[in-house]
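A quick write-up on the structure given underneath.
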There are 2 protein chains.
Amino acid sequence: MTNVNHTHDVSTMCQYCEQRFTSVLCRAKHEFLDEMNSQKVCNIYKKGQTLFNEGSHPFGVYCINSGKVKLAHLGDDGKEQIIRLLKGGDVIGYRALLSGDRYSASAVALEDTQVCFIPKELFTNILKSDASLAFEMMKLLSDELHKTEMKLTHLAQKPVRERLAETLLFIKETYGFEEDGITLNVRLSREEIANLVGTATESTIRLLSEFKRDNMVELDGKKIKIINQKKLARTANLQD
Amino acid sequence: MTNVNHTHDVSTMCQYCEQRFTSVLCRAKHEFLDEMNSQKVCNIYKKGQTLFNEGSHPFGVYCINSGKVKLAHLGDDGKEQIIRLLKGGDVIGYRALLSGDRYSASAVALEDTQVCFIPKELFTNILKSDASLAFEMMKLLSDELHKTEMKLTHLAQKPVRERLAETLLFIKETYGFEEDGITLNVRLSREEIANLVGTATESTIRLLSEFKRDNMVELDGKKIKIINQKKLARTANLQD
DNA sequence: GCAGACCAATGACTTTTATCATATTACTAA
DNA sequence: TTAGTAATATGATAAAAGTCATTGGTCTGC
């Protein structure tokens with residue numbers, strides 16, 4: 001976890017951040033951006049490292065600059081349920097902070113990830129004085145709620161096969177392809193995919209093999225290539 | 001659907017509303033409360049009537065004064081998934097409105113329900129000018145998101161038996177008991193309970209019979225009495 | 001009160017999915 | 001390199017849950 005906060009280094013300033021057009025936080029008014037810039041702490045988390053743990057108290061929010069992060073609950077029996085996948089421009093940790101709860105999920109880097117930390121007080125102060133940012137945050141929360149509700153319905157009503165196909169397409173939507181235009185641009189273990197789908201690891205492995213047999217995907221270690229997206233979408237039985 | 005908006009009738013004024021201490025909307029500043037009071041439209045929906053339908057455009061938000069409402073998605077195969085149960089003081093319809101989407105779920109009265117409708121423009125204007133109300137709305141959204149994420153995890157990881165027990169306790173938390181202190185204060189069909197749990201109607205019926213055999217509940221038509229809440233909680237295997 | 005519709009209950013059966021066991025392959029560290 | 005560990009793959013089996021079919025009950029409107 002390397003601290004890379006050099007306030008005068010242009011590369012770490014919010015005003016010049018690569019994510020300044022995508023992240024909600026960067027829609028704050030200029031005065032607040034300046035303040036955020038001076039108070040934030042930037043860190044690099046190596047693959048597998050934890051940004052925060054389920055059950056601990058939030059001290060602020062995290063803005064992902066680059067990299068990939070998974071957000072996951074630990075079920076009662078110790079099984080992980082992946083709730084969200086995050087990338088550059090995404091903000092995490094606001095849910096618990098706004099509710100006044102402890103974190104209800106853990107955030108773990110899926111690859112080396114650069115993150116800016118904004119302290120709690122600053123974040124809430126900005127929200128309280130910048131109505132339009134508050135409105136954006138509400139939109140973000142609403143979208144997240146909507147997505148989660150849809151996942152809930154699908155989990156309740158769709159068979160594993162459809163959910164896996166849907167999840168592969170979701171991963172593609174989130175992280176896109178590599179330069180070759182077919183390889184999913186993230187390395188997830190079969191277990192992690194299973195924890196995203198909400199099924200057993202073996203079921204995921206079996207179905208991935210079927211998808212391969214049916215020429216929808218190609219498998220090469222942890223690399224997953226989508227070679228027939230249409231067919232995969234049909235398998236997912238999407239209509240929304 | 002009877003219109004009961006008599007602006008000068010004290011019984012329908014926000015300032016004197018029974019829910020004025022429980023509902024988020026009533027935490028708006030006084031000036032906005034006055035405006036809400038003059039612009040709102042109050043209606044009574046009879047049991048089974050629809051407040052709004054999945055797929056239609058939101059024109060405002062609904063504040064429940066009294067009664068009970070279910071919020072449900074329609075799955076691709078036409079199966080209903082109940083997302084939320086609502087009661088007096090709850091606000092619905094804000095999710096779609098904030099996201100700028102159409103409604104992603106339908107709201108149906110579970111019994112005769114009195115509702116105030118606040119037009120879209122007023123609602124968004126108030127949110128944009130009343131930062132503390134906006135903050136409360138964010139809290140509300142965060143809580144809702146949290147609950148939905150927990151449901152998702154349980155749906156993915158817990159067997160139907162545990163989820164049904166959990167759902168019965170959730171209904172009790174939401175609507176409480178009747179005067180006798182044991183009968184759930186809402187009438188839901190077995191199918192609706194199944195759609196809340198995320199399972200088949202027959203499975204719900206079967207398990208309810210088991211719960212009865214094991215002296216956890218008593219069944220009397222649609223009335224469900226919880227006679228051993230401890231045992232039910234153990235069956236639900238709750239730890240959070 | 002009665003017919004018709006709807007809902008609840010239950011048995012029989014099927015399908016889906018999880019679990020367990022065991023290879024096989026890939027990855028890691030000495 | 002090589003041993004050792006972890007991840008993937010696949011078969012066999014078990015358990016869970018869904019579907020279908022039938023019956024009896026309850027409610028509703030005529």
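Predicted, not measured: the structure shown is a model, and the values here were computed from it. A note on names: the letters A, B, ... follow the listed sequences, proteins ahead of strands, and every chain is numbered from 1.
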We want to know whether B/R163 and B/T199 form a side-chain donor-acceptor pair, criterion being a heavy-atom distance below 3.5 angstrom.
no
Do B/T50 and B/N53 have side-chain atoms, one donor and one acceptor, less than 3.5 Å apart?
no
Using a cut-off of 4.0 Å between protein heavy atoms and nucleotide atoms, how would you tag nucleotides 7-12 of chain D 5' to 3' with B, S and -?
SSBBBB
For B/E210 and D/dA16, give me the distance from atom CD to atom P, rounded to whole Å.
11 Å
Between B/E111 and B/K46, is there a salt bridge with N-O shorter than 4.0 Å?
no
Can a salt bridge be assigned to the pair B/R84 and A/E149 using a cut-off of 4.0 Å between side-chain N and carboxylate O?
yes
Polar side chain donor-acceptor pair, B/T235 to B/R161, under 3.5 angstrom
no
Given A/L140, A/L97, A/L141, the one that forms side-chain contact (heavy atoms from CB on, under 4.5 Å) with B/M138:
A/L141
Scan residues 155-164 of chain B against DNA chain C and write down, sorted by residue number, each residue with any heavy atom closer than 4.0 Å; if none is found, say none.
none
Phosphate contact (C/dT16 OP1 or OP2) by A/S203 side-chain N/O below 4.0 Å
no
Rounded to the nearest Å, what distance is computed from the CG atom of residue B/N195 to the P atom of nucleotide C/dC7?
12 Å
I would like to know whether A/L74 and A/K79 meet side-chain contact (heavy atoms from CB on, under 4.5 Å); could you show each step before the answer?
CA-CA 6 Å; A/L74 220 52; A/K79 197 182 156 148; over 6 Å; no
Spacing of B/E192 atom CD relative to C/dA8 atom C1', expressed in whole Å
14 Å
Could you give the NZ-to-C1' distance, from A/K79 to C/dT19, as a whole number of Å?
11 Å
Partner residues of A/F117 under the ring pair (Phe, Tyr, Trp, His ring centres under 6.0 Å) criterion, sequence neighbours left out
A/Y62
Interatomic distance, B/L207 CG vs C/dT10 P [rounded to whole Å]
12 Å
